Every structure is written in C-alpha cells, then in structure tokens.
Amino acid sequence: MTVIVLSGPIGAGKSSLTTILSKYLGTKPFYESVDNNPVLPLFYKDPKKYAFLLQIFFLNTRFHSIKAALTDDNNVLDRSIYEDSLFFHMNADIGRATKEEIATYDELLDSMMKELKHMPKKNPDLLVHIDVSYDTMIHRIQKRGREFEQLDYDPTLEDYYKRLLSYYEPWYENYDYSPKIKIDGDKLDFMASEKDRQEVLDTIVAKLKEMDKLPEDWVPSHN
Ligand SMILES: Nc1ncnc2c1ncn2[C@@H]1O[C@H](COP(=O)(O)OP(=O)(O)OP(=O)(O)O)[C@@H](O)[C@H]1O
Ligand SMILES: Nc1nc(=O)c2ncn([C@H]3C[C@H](O)[C@@H](CO)O3)c2[nH]1
C-alpha cells in the first residue's frame, strides 16, 4: 500500500496533480470537499464568524477520507491533514478564533492524530509539495474562478493569501512525517505542457522507486 499526499497553498495545483498522478499510477484519488462544502462560502463572506466552524468541517471530512485512504490500497490525497493546523492558526493569529476555540481545536486535532496512529498505516509514504509564488497563486485562483476567492470579492484576501504563503515555507521545512519532495509550480506547467507534466511524474516515480515503493521495472498504467 502506498499513500501519497499533496500539499501547497490555495490554487497551487494539488487537485489537478492528484488527478494526473492517480491516473498515471493507476490508484484512487481523494479530493478535499470544496464544491459540496456549505461552510466555505460562509467563511469567505464572514471569516471571523465562520473560521472555527469551517475548520471543524474540514477536519471532519479530512478525517473520513484519510481513514478510507489508509485502509484502502494505493491512494493519492489532494491535501494533507498536517496543513489544517497551519490554516487554523493563521486565521487565529489574525483574530478569527477565541482562545477557547483555539484550545478546543488543538485538543480535537491531537485526539484525531492519536486515533490515526492506530491505523494500519500511520503516515503517508510521500508528501509532494507544490511551491508557488504569490503571482502564480493569484493567476490560478483567477483561472479557476471561484467567486468568493477573488480579490474583487474581498480586497483583504491579498493580505490573507500573502500571509498564507509566508506560513507555508517554514511549514514545509519542518514537515517530517514522511519523505517529501517539492515541485516548482511556477516553472512547471503540468496542465498545459506535456513535457512539464512528464518531468513532474518522472520526479515522483523516481522518488517512489528510490524508497522501494515501486519496482524498478514499473511502467505507468495510464499515460
Ligand atoms: N501547473 C499548472 N500550470 C497551469 N495551470 C495550473 C497548474 N496547476 C493548476 N492549474 C490550474 O490552476 C487552477 C487551480 O488548480 P487546482 O484546483 O488543482 O489547485 P488546488 O491546489 O487543488 O487548489 P485548492 O487549494 O483551492 O483546492 C485550475 O484552474 C488548474 O487548471
Ligand atoms: N480557512 C481554511 N481552513 C482550511 O483548513 C482550509 N482548507 C482549505 N481551505 C480553503 C482554501 C480554498 O479556498 C478552498 C480549497 O482548498 O478551501 C481552507 N480554509
């Protein structure tokens, strides 16, 4: 069983790469609840009111998908649970959670992480992080077009996104739950360029082989 998790800021390309990678490896993709998430639009409308609720919503759905993924065969997940705390604490740092909510959230996350330790597989096998600059991030958010994520919906989102990026750098450096690799999302356009896509897939496959998670003579199931 091999479990790969993607990480990276909003619009970095995690869901897109999850689709590409899971097809290439012949495995099952697991996606974060976005379009069927009733709290996300509420959060963007009134972040202070809904930050805690949104975080509980994400934690709950993420927990279910991780449990399914860790008991199933090979899988690719489009966001890691380790980023949930980053999002929550960044929002808390800008006054969007009370100290009681912070304590409750941290205790709940801790209990969930302890629960995951009893699963057949405790941690993912590999983290694939997509690194993007602010300009790339904004360009992708615009391209995808979710109304509530746009700067003209709420101009304070510029600060929010810049802050998010600044939290990601130390987060990735400190991540040590599994081996990790970083993809340069500014340089590699794995959506439009076949060559770039293959370069990203080759990098991931080489890492999996190096870790003995794929046989040396492995060939892609789909291309
Ligand atoms: N490497 C890339 N090159 C060009 N366009 C990309 C790339 N990756 C993603 N995109 C485009 O950027 C948009 C956002 O991608 P995607 O939804 O995969 O991001 P995400 O990281 O899953 O976002 P979120 O955190 O919001 O779920 C989509 O329109 C996608 O087609
Ligand atoms: N506040 C907050 N906490 C999270 O844990 C979290 N995870 C994802 N998101 C938001 C970002 C994108 O808009 C959208 C898709 O990733 O959902 C989050 N927002």
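Order of listing sets the numbers, starting from 1, for every ligand and every atom in it. Predicted model, so just to flag it, every value in this text is computed and none were measured.
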Within the 3.5 Å criterion, strictly below it, is a donor on [X] or [Y] matched to an acceptor on the partner's side chain?
{"X": "Ser80", "Y": "Glu83", "value": "yes"}
{"X": "Thr2", "Y": "Asp125", "value": "no"}
{"X": "Thr19", "Y": "Tyr31", "value": "yes"}
{"X": "Asp154", "Y": "Thr156", "value": "yes"}
{"X": "Glu147", "Y": "Tyr44", "value": "no"}
{"X": "Asp78", "Y": "Ser15", "value": "yes"}
{"X": "Thr136", "Y": "Ser133", "value": "yes"}
{"X": "Tyr172", "Y": "Asp131", "value": "no"}
{"X": "Gln198", "Y": "Tyr24", "value": "yes"}

Nearest-contact summary for [atom] - protein heavy atom, Å:
{"atom": "atom 16 (O) of ligand 2", "value": "Glu32 OE1, 2.7 Å"}
{"atom": "atom 5 (O) of ligand 2", "value": "Gln55 NE2, 2.5 Å"}
{"atom": "atom 12 (C) of ligand 2", "value": "Glu149 OE2, 3.2 Å"}
{"atom": "atom 8 (C) of ligand 2", "value": "Phe58 CZ, 3.4 Å"}

Heavy atom under 4.0 Å from ligand 2: found in [X]'s side chain, backbone, both, or neither?
{"X": "Tyr160", "result": "side chain"}
{"X": "Phe43", "result": "side chain"}
{"X": "Glu83", "result": "neither"}
{"X": "Asn37", "result": "neither"}

Next on the checklist: Both conditions, 6.0 Å and 45 degrees, for the charged tip of Lys162 above the ring of Tyr134: are they met here?
Outcome noted: yes

Next on the checklist: Tell me which residues fall inside the under-4.0 Å heavy-atom shell around ligand 1.
Outcome noted: Pro9, Ile10, Gly11, Ala12, Gly13, Lys14, Ser15, Ser16, Glu32, Arg79, Arg140, Lys143, Arg144, Arg146, Leu188, Asp189, Phe190, Met191

Item to check | Inter- and intrachain pairs under ring-ring contact (aromatic ring centres under 6.0 Å, His included), touching residues 92-120, at least two apart | outcome: Phe88-Tyr105

Nearest to [atom] by heavy atom, [options]: which?
{"atom": "atom 11 (C) of ligand 2", "options": "Thr61, Ile56, Val34, Ile10", "value": "Ile10"}
{"atom": "atom 1 (N) of ligand 2", "options": "Leu40, Leu54, Val39, Asp35", "value": "Leu54"}
{"atom": "atom 2 (C) of ligand 2", "options": "Phe57, Phe87, Phe148", "value": "Phe87"}

Next on the checklist: With a cutoff of 4.0 Å, is Lys14 in contact with ligand 2, counting heavy atoms of the residue only?
Outcome noted: no

Under 4.0 Å from any heavy atom of [X], which atoms of ligand 2 are there?
{"X": "Asn91", "value": "1 (N)"}
{"X": "Tyr44", "value": "11 (C), 12 (C), 13 (O)"}
{"X": "Arg146", "value": "14 (C), 15 (C)"}
{"X": "Arg79", "value": "7 (N), 8 (C), 16 (O)"}

Checklist entry - Is the distance between the ring centroids of Trp171 and Tyr177 under 6.0 Å? => result no

Next on the checklist: Taking the basic N atoms (NZ, or NE/NH1/NH2) and the acidic carboxylate oxygens, is any pair closer than 4.0 Å for Glu149 and Arg144?
Outcome noted: yes

Item to check | NZ/NE/NH1/NH2 to OD/OE distance under 4.0 Å, Arg163 and Asp159 | outcome: no

